[in-house]
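Take a look at the structure set out below.
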There are 2 protein chains.
Amino acid sequence: MHAENALTSRSDLVREKLEEMIVEGAFSQGERLDEVKLSQRFDVSRTPLREAFQALAASGLLVLEPRRGAFVRFPALEEVFEMFEVMAELEAFCCRLASRRVTPAFLADLEETVVECRQAVASDDVNRYYHANERFHGLIYEASGNSFLGAEATRLHRRLKPYRRLQLNNRGRMAHSLAEHGRVVEALTRGDAEAAANEMRAHIAIQGGKFNDLIVSYRRTARKAG
Amino acid sequence: MHAENALTSRSDLVREKLEEMIVEGAFSQGERLDEVKLSQRFDVSRTPLREAFQALAASGLLVLEPRRGAFVRFPALEEVFEMFEVMAELEAFCCRLASRRVTPAFLADLEETVVECRQAVASDDVNRYYHANERFHGLIYEASGNSFLGAEATRLHRRLKPYRRLQLNNRGRMAHSLAEHGRVVEALTRGDAEAAANEMRAHIAIQGGKFNDLIVSYRRTARKAG
DNA sequence: AGATCCTATCTTGCATACAAGATGGTTGAC
DNA sequence: GTCAACCATCTTGTATGCAAGATAGGATCT
């Protein structure tokens, strides 16, 4: 997956590393990132490091205060809910558009990811489920036929990655998620745009038991980070 | 509006200037931006200029090809349609959420922008209409109560600015737009979430006569840029 | 003549040097 | 004893210098 990384620039490498570190909770909320220390740690100069800072600030993981430095920013729980609310709407819209352009080949691909997910559930393999799930959603973004929408959805999806991943660790979440995938596919197969959109919205939205799941996941990252 | 700009960094100033230049069509599609020439022109070093490049690349106005340089990228007409399609959905969602939290104060503010728009139409003042329109939409983003959604809507709104602005120059567009604002306000006043969302979607979406309006606007930027 | 390879030159990517603003501690005054 | 102001120090923002990759032009070979 990351095989072609040999020639990427240092600022990109640093950006990826830093993003991973932040997301994995290597820093605490509000911590200031020291340019000199980090550049020494990554063995690069301050220039590419600062470029990485700016990219991360653009995606919301850092806040750059002029003349004061870069501070890591974990979204508040409330903000995470807000992001999921938007994600649900974007994905529902993808479904609505996709349902007009469904092809047998597309449905076959989608069905394949569902099978993969089912096997992951059977073997209780979170990693496998995670990847098949990525593919499921990615296929629907593509099938929307609106590549700008697809790109935006991918961006937000990526940003929500840590929370989604942690949610999967909650007992029973995988099986529920799988069933929801099935209902989306079924609606798409029937060509029912509204039903597909609604199923997808329900799949993403934080509601019912998922409230607690998310809160638990969130606390877990917060503890790690603190 | 831009009164506090005195203390902003050079890279921010350069970013703003460059963004304006690109949007106003100072460069042609695919043109490579020369770091040295531009840094001399803006009287800054290459460092802040490169930072500006990266910020502009992040918002899609430039494409950075490693070791080759920065190239200006105008979205294809198709991509502009896609962006409007997403914008329509985001704003419709804002309306749906906002309709649950409507307050008399909010409705009064909204009504005020409509009055302002009406006066702008009466005096055929595109600039005035443009600003009142900004305020109308901004109020609804805020009223959604989802600040992440509001920020995303603002971002996309900003990116579509040149096209929206040019559309207003098309004869009769202002009056139509005003009427649509009125219908949105009316639906919000009634508390009809679905109607409000639909009116807003129709207001933003590129359909009917707006097809031609947008194409004309687009050609105008393309000519200027070419 | 056409194509390919080599080289000179240009441009980017990165490192470092320097200047200006922010921070914190100490000293002095009230 | 407390508050404020000043100075030393640290950190960021910017400029410049240097090395490696890209490009273009010419020379050589087929």
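Sequence lines set the chain letters: A, B, ... in the order given, protein chains first and strands last, and positions in each chain run from 1.
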Just jot down the side-chain hydrogen bond (donor to acceptor under 3.5 Å, both in side chains) partners of B/R68, sequence neighbours excluded, or say none. B/E65
At 10 degrees resolution, what angle do the end axes of the helix from C/dA1-D/dT30 to C/dC30-D/dG1 form when each is taken over five base pairs? 0°
Which residue pairs satisfy the side-chain hydrogen bond (donor to acceptor under 3.5 Å, both in side chains) criterion with at least one member in residues 37-49 of chain A, sequence neighbours excluded? A/E35-A/R46
If the plane angle is over 60° it's perpendicular, under 30° parallel, otherwise tilted; pick one for B/Y141 and B/H157. perpendicular
Who are the salt bridge (charged side-chain N to carboxylate O under 4.0 Å, His left out) partners of B/E85, not counting sequence neighbours? none
Under the side chain to side chain contact (heavy atoms under 4.5 Å, CB included) test, which residues partner A/D125, sequence neighbours left out? A/S123, A/N127, A/R128
Distance, rounded to the nearest Å, where B/D34 contributes CG and C/dC10 contributes P: 12 Å
Tell me, please, which residues at least two apart from B/F84 pass ring pair (Phe, Tyr, Trp, His ring centres under 6.0 Å). none
Protein-nucleotides 13-19 of chain C N/O pairs closer than 3.5 Å?
from: C/dG13; atom 1: OP1; to: B/R67; atom 2: N; distance (Å): 2.9
from: C/dG13; atom 1: OP2; to: B/R50; atom 2: NH1; distance (Å): 2.6
from: C/dG13; atom 1: OP2; to: B/R50; atom 2: NH2; distance (Å): 3.3
from: C/dG13; atom 1: N7; to: B/R46; atom 2: NH2; distance (Å): 2.9
from: C/dG13; atom 1: O6; to: B/R46; atom 2: NH1; distance (Å): 3.2
from: C/dC14; atom 1: OP1; to: A/R10; atom 2: N; distance (Å): 2.6
from: C/dA15; atom 1: OP1; to: A/R10; atom 2: NH1; distance (Å): 3.4
from: C/dA15; atom 1: OP2; to: A/S45; atom 2: N; distance (Å): 2.5
from: C/dA15; atom 1: OP2; to: A/S45; atom 2: OG; distance (Å): 2.7
from: C/dA15; atom 1: N7; to: A/T47; atom 2: OG1; distance (Å): 3.0
from: C/dT16; atom 1: O4; to: A/T47; atom 2: OG1; distance (Å): 3.3

So, using salt bridge (charged side-chain N to carboxylate O under 4.0 Å, His left out) as the criterion, who are the partners of B/E180 when residues are at least two apart? B/R173
For B/F148, what residues pass the ring pair (Phe, Tyr, Trp, His ring centres under 6.0 Å) criterion, not counting sequence neighbours? none
Check ring pair (Phe, Tyr, Trp, His ring centres under 6.0 Å) between B/Y130 and all other residues, then give those that pass, not counting sequence neighbours. none
With a 4.0 Å cut-off (strictly under) to non-hydrogen atoms of chain B, the first and last hit nts on DNA chain D, 5' to 3', are D/dT14 to D/dT23
Applying side-chain hydrogen bond (donor to acceptor under 3.5 Å, both in side chains), which residue pairs with at least one partner in residues 92-112 of chain B are found, sequence neighbours left out? A/E89-B/R96
